[in-house]
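Below is one structure, written out as C-alpha cells; comments come after it.
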Amino acid sequence: MKNMDDDKQRQLAADRVDPGSGPLTTDQGVPVDDTDNSLKVGERGPTLLEDFHFREKLTRFDHERIPERVVHARGAGAYGYFQVYRSLAEYTVADFLCDPSLRTPVFVRFSTVAGSRGSADTVRDVRGFATKFYTRQGNYDLVGNNMPVFFIQDGVKFPDFVHAVKPEPHNEIPQAQSAHDTFWDFVQLQPEIMHMVMWVMSDRALPRSYRMMQGFGVHTFRLVNSEGRGTFVKFHWRPLLGTHSLVWDEVLRIQGNDPDFNRRDLWESIESGAYPEWELGLQLVPEEDEHRFDFDLLDATKIIPEELVPVTPVGRLVLDRNPHNFFAETEQVAFHTANVVPGIDFTNDPLLQARNFSYLDTQLIRLGGPNFAQIPINRPVAAVTNNQRDGYHQHMIHESTTSYAPNTISGGCPMSGVVNGDLRGVFQHYQERVDGQVIRRRSPSFQDHYSQATLFWNSMAGWEKRHIVEALRFELGHVERRSVKEGVLEQLAHVDGDLARQVAEGLGLPAPAVTTPNHGRSSPALSQANAPRDTIATRKIAVLAADATDTAQAGELIAALEEKGAICEVIAPHGGTVGTLDVTRQLSATSSVLYDAVLLADGGELAGNGHAVHFVREAFKHGKAIGAVPRGEALLDAAALPGQQGVVGPKISGDGFVEAFAEAVAAHRHYDRDVDLVPA
Ligand code: HDD
C-alpha cells in the first residue's frame, strides 16, 4: 500500500504544484509571448535591458545552485513510514515509540561522505543513513551511517579529518577517494581512527544497494521515560534484504557504467513497488551499567558488541514513495542531530555535542537563513508556535501583535506547554549531575584505540580479511610518501601483526618490527559472512540469449525466478526481440557489473561473441552466481572458468535447476573462487 495519505504527504500536497498546460509566465505571473528570442533593436541589434523576462530568466538561472553539503553532498532520498512493534513506554515517552498503531511519516536520505554532488555512487566510503521522523511531537532526526563507529572521538577534529579525506587543496584531486597522501597522513597520526579504518577498508564501504546496508545511530543516546529515568541506547537499522556488498574491481567499473548505480537502484525499486524495509533494533543499557564495559559508552569509536548487549527489534521502517523533485526535497532536506523529541536525549559524547552545534549552523549557510524549517520537506507536521519571526525567506504571515514573552497583550501566548505543573508532552532535558574541572583533555577511558579494531579483524571471514588487505594495499599503493605508508603500517601492527605484514608485503616495504599481541577475541555479529542470505528478492539477473535461444524454456526460467522476486533482464547481441523475448539491452550497451547473477540461456552464437564471453568471465571474477541451461554449455566452455563454485548447470534442468540457481544467487557472492586467473 502506497503511503499517500499520511500527515506529511497531506501537508506536502498543498505545496506541490503542477505547471500543467497553463501559459508561460514570469515569476510575477505575467504571460510571456516568446521565450526563445531576447528583445532586440532590430533582428540583428543589441539586446535591451528592458527585456524583464530575459533578465529574470537569466538571473534565476545564475542563482540556481546552493552550496552543496560540506560532507555527504551526494545522496538520494525517499519517503516512507516507521511503526513500532510494541510500546516502549518503559523506556521512553517518545510518542512515536509508544503507540504500535501509529505510522509515523519519515524521509530518509542516503549519501556518500567525501565526494561532491556529481561524484559516482559506488566509491569506497561510509554511507550516510539519515532519517527524519515527522512525529506528532515534532521532528526527530536520526542522522546515522552504515557503520557503527566514527573516525574521531571529539568533534573539534572534524574539520581536520574532513580536510584530510577530501580532495587535496592544491589541485582538488582525487575526487571521492581516500586513496591519497593527506588522508593516510592523518591516519598515521590519529590512532583513534584505526577501528573506523578497518570498517572503511572492509566491504561495508561498498554496499550493493542502499536497500542492503545496515544503519547505525553510532553514538550512545539516551531514552527517558515518564519518571525521568534514563536508559542508554544504540540505534541499529537492519535491512530485510540482508547486508550485501560489491567487490572492489566491480565498484571501479560501475563508476563508468552507471555512476548513479545506488541512486537508480533505490528509485527503481520504489517505483516498482519493491519497497525497501529495515527493522529498528535497540541496544539498551541501564544507567547504572554505564561503567560496566572495558570501553567508554561516550566514545563514538567503539561499538557495544552484540554478544554483550543484544539488539532488540522494536519496529520497522518502510520506504514507499519517491520524491517529486530532487532539489526541493532531497537537496533541501536539513537534518540536525539536535532535532529530538520528548523521551530521546543526548549523552556527553564529545562528538555528538559538536554535531549538535554543527548541523544547525551549516543549514544557515546552505539554505540561506534561519527560516529553512519552513521549507516543505523540513516542516514538522506538529504545529509550530513561537516568537521567532523575521529573517530571510519568512513564508508565514504572523498576525499577532506580540512577538515576545512574557506578554499580556496576546494573553501570554504562545505560552509554555507545561499546564498545572504537568510536564508530559514537553521536552525536558535529562537532569544529569555534572561536576568537573574546565579542561581541554581527552578522558583516559578514550585511550584504547586498537582493541576493537583487532576485534573487527578477528571477526572477519577469510575472504573478508583478504578484501581488507587488498583494500589497504590499493589505498596505500596510491600514497606517494614512503614515510606515510610506514606510519600506517606501524598503526596496523597494533591491530594485528599478520595484517600489517601482509599489507607491507604488497607494498614492498619491510613489516614493522614492533607488533601488539592480538587479544584473540571476536564478535561473530560483525561479519557479513554471518548475515542472512535467504532471498533473491530484487536481485538482478542477466539472461544471455540470442536468436537461436529456446525462448519458451528461457521464458519459463525467467518466470520461475521472478516468482521468487528476482528481476530478470534479457541481454542479446542486438536490441528488439529474440524469439518471444523482449531484449532489455544489447550486449555492447551493458556490462556484467550491473547485475547480480548471469543465466546462460544459450551457447552457440554467444560462444563466439567476445562481449558474451567477457560478460561471463567478469561476472565469475566478481563472485556472481552463474547458471547455464544445457544449450548454454558452449558459452560456459568458451569462458573457461577456473572452478565451479556458484556455477549451476548445465547438466541439471527444470525445478532442480531453478532451486539450485536461486540458492546460488541468494548466497550473493562466491568469494572463494580463484579469480586471479580470470582475465576479465
Ligand atoms: Fe555529520 C552531514 C552522519 C559526525 C557535521 N552527517 C551528515 C549527514 C550524515 C551524517 C548522514 C548527511 C545528512 C543529509 O543527508 O543531509 N556525521 C554523521 C555521523 C557522524 C557525523 C553518523 C558521527 C557519528 N558530522 C559529524 C561531526 C560533525 C558533522 C562530528 C561536525 C562537528 N555532518 C556535519 C555537517 C553536515 C553533516 C557539516 C553536512 C551537511 C549537513 O550537515 O547538513 O554539519
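What you see is a predicted model, and the numbers here were worked out from it, not measured in a lab. Order of listing sets the numbers, starting from 1, for every ligand and every atom in it. For this chain, numbers begin at 1 and follow the sequence in order.
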* Verify the neighbour count for atom CD of Gln431: are there more than 12 heavy atoms of other residues, nucleotides or ligands below 6.0 Å? => no
* Please report which non-hydrogen protein atom sits nearest to atom 16 (O) of ligand 1, along with the residue it belongs to and the distance in Å to one decimal place. => Arg69 NE, 2.7 Å
* Measure the acute angle between the ring planes of Trp237 and Phe133, then classify it against the limits of 30° and 60° as parallel, tilted or perpendicular. => parallel
* Residue Leu351 vicinity, atoms of ligand 1 by number, heavy atom under 4.0 Å -> 23 (C), 24 (C), 30 (C)
* From the options Ile152, Val70, Asp141, Asn145, select the one whose nearest heavy atom is closest to atom 22 (C) of ligand 1. => Asn145
* **Residue and atom name of the nearest protein heavy atom (relative to atom 15 (O) of ligand 1), distance in Å to one decimal** => Arg109 NH1, 2.7 Å
* **Polar protein atoms near atom 1 (Fe) of ligand 1 [N, O or S; cut-off under 2.8 Å]** => Tyr359 OH
* To do: Evaluate whether atom NE2 of His519 has more than 12 neighbouring non-hydrogen atoms of other residues, nucleotides or ligands under 6.0 angstrom away.
  => yes
* Asked: Which value, rounded to the nearest 0.5 Å, describes the distance between Leu97 atom CG and Thr104 atom OG1?
  -> 8.0 Å
* Asked: Is there a nitrogen or oxygen of Thr362 sitting under 3.5 Å from a nitrogen or oxygen of ligand 1?
  -> no
* In terms of heavy-atom contacts, does CG of Asp390 have more than 12 from other residues, nucleotides or ligands at under 6.0 Å? -> no
* Asked: Out of Glu277, Glu279, Glu306, which one pairs with Arg238 under the salt bridge (Lys or Arg N to Asp or Glu O under 4.0 Å) rule?
  -> Glu306
* Would you call the rings of Tyr210 and Phe110 parallel, tilted or perpendicular, where under 30° means parallel and over 60° means perpendicular? -> parallel
* Provide, to 0.1 Å, the distance between atom 13 (C) of ligand 1 and the closest protein heavy atom, together with that atom's residue and name. => Phe335 CD1, 3.8 Å
* Structure fact -> From the list Phe129, Phe221, Phe216, ring-ring contact (aromatic ring centres under 6.0 Å, His included) partner of Phe235 resolves to Phe221
* Asked: Hey, does Gly144 sit under 4.0 Å from ligand 1 if you only count heavy atoms?
  -> yes
* Nearest protein heavy atom with distance in Å, relative to atom 23 (C) of ligand 1 -> Phe150 CD1, 3.3 Å
* Structure fact -> Logged contact type for Gln363 with ligand 1, heavy-atom cut-off 4.0 Å, is side chain
* Below 4.0 angstrom from a heavy atom of Ala354, which ligand 1 atoms are there? Numbered from 1 as shown, please. => 32 (C)
* Taking the six-membered ring for Trp and the single ring otherwise, decide whether the centroids of Phe293 and His291 are under 6.0 Å apart. => no
* To do: Report yes if some N/O of His219 lies less than 3.5 Å from some N/O of ligand 1; otherwise report no.
  => no
* Asked: Parallel, tilted or perpendicular: which describes the rings of His336 and Tyr359, with under 30° parallel and over 60° perpendicular?
  -> parallel
* Asked: Around atom CD1 of Ile365, are there more than 12 heavy atoms of other residues, nucleotides or ligands at under 6.0 Å?
  -> no
